[in-house]
Structures are given as C-alpha cells and as structure tokens.
Amino acid sequence: QQWPEGHKLASQLGFRWPQFVPTKLETLIPQSNADGISLIANMLSWDPNKRLSTAKILQHPYFEASALPDMSQVANPQSLPQMPAPGQKGAAAQVGQARGGAGHASDIFSSSKGSWAAGGN
C-alpha cells in the first residue's frame with residue numbers, strides 16, 4: 001500500500017478505489033522529458049506526505065535554466081503562443097472575432113482584467 005492512512009479512511013467512508021491498469025505518463029505526455037515526467041509523478045502522489053510542496057516543485061530540476069528548450073532549434077518561434085501587447089485584445093477575443101465577431105462570454109477573455117467578460121469589456 002502506498003498510503004495506508006488513505007486506505008483506512010477510504011474504507012471507513014465506504015469509498016472504493018478505482019481498479020484500472022495505469023498508463024505511463026511517458027505515453028500520455030510523449031513530448032515531456034524525464035525531468036517533466038518525474039515532476040508530474042511527484043505532484044500526483046496520493047499520499048500528501050510524499051507529494052511535493054510548492055517550494056520543492058520550484059526547486060525541481062525541470063525548472064533549471066539549462067532544461068529550457070533552445071529557441072534556435074524551434075522550427076518557427078512565431079508559431080508559439082504569444083502574450084498580447086499592452087492595450088491589445090487577448091487571444092481569445094481575437095479568436096472570437098475570427099469566428100465572425102464577439103458576443104459569447106466564452107469567446108472573450110480580458111487579459112487586462114484577468115477575467116472572462118461578455119462583449120470584450
């Protein structure tokens with residue numbers, strides 16, 4: 001058992017753990033490197049005593065500067081997501097306009113206000 005206290009609590013509550021064959025993270029996230037897989041696995045631990053704290057996550061090798069991709073090897077850097085310039089509408093609003101105009105709350109995100117808003121305000 002990976003987390004005896006959790007299993008004890010689950011049995012007291014009548015909770016039944018799902019029975020399944022796990023899929024390796026490498027299969028689910030093939031574009032990740034070994035450090036990324038390690039980080040995700042440690043963040044997903046059932047046992048909160050074994051799960052990484054926020055401080056430990058930020059100290060993980062995945063976030064070291066040497067682990068960042070070499071931008072000269074990226075095929076087309078302009079194809080990567082870009083933050084909108086100050087005063088420019090967010091990407092979601094641009095997508096809404098490309099679809100034939102805004103008007104749906106789900107199409108418009110106000111990056112300056114940090115929230116979804118109807119009408120792009």
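- Here the CD-CD distance, from Q31 to E26, works out to 12.0 Å after rounding to the nearest 0.5 Å.
- Residues N49 and D47 share a closest heavy-atom pair of N-OD1, 2.9 Å.
- For I57, the side-chain contact (heavy atoms from CB on, under 4.5 Å) partners two or more places apart in sequence, or in a different chain, are L39, M43, L52, F63.
- With side-chain heavy atoms closer than 4.5 Å counting as contact, directly or through intermediates, the hydrophobic cluster containing I37 also holds L25, L28, I29, I40, L44.
- Nearest heavy-atom pair, S38 versus H60, reported as atom, atom and distance to 0.1 Å: OG-NE2, 3.3 Å.
- Although no hydrogens or angles enter the test, the distance criterion places a donor-acceptor pair under 3.5 Å between the side chain of S11 and the main chain of K8.
- Partners of F15 according to the ring-ring contact (aromatic ring centres under 6.0 Å, His included) rule, which considers only residues two or more places apart in sequence or in another chain, are W17.
- Between atom CG of residue N42 and atom NZ of residue K56 there is a gap of 11.5 Å, rounded to the nearest 0.5 Å.
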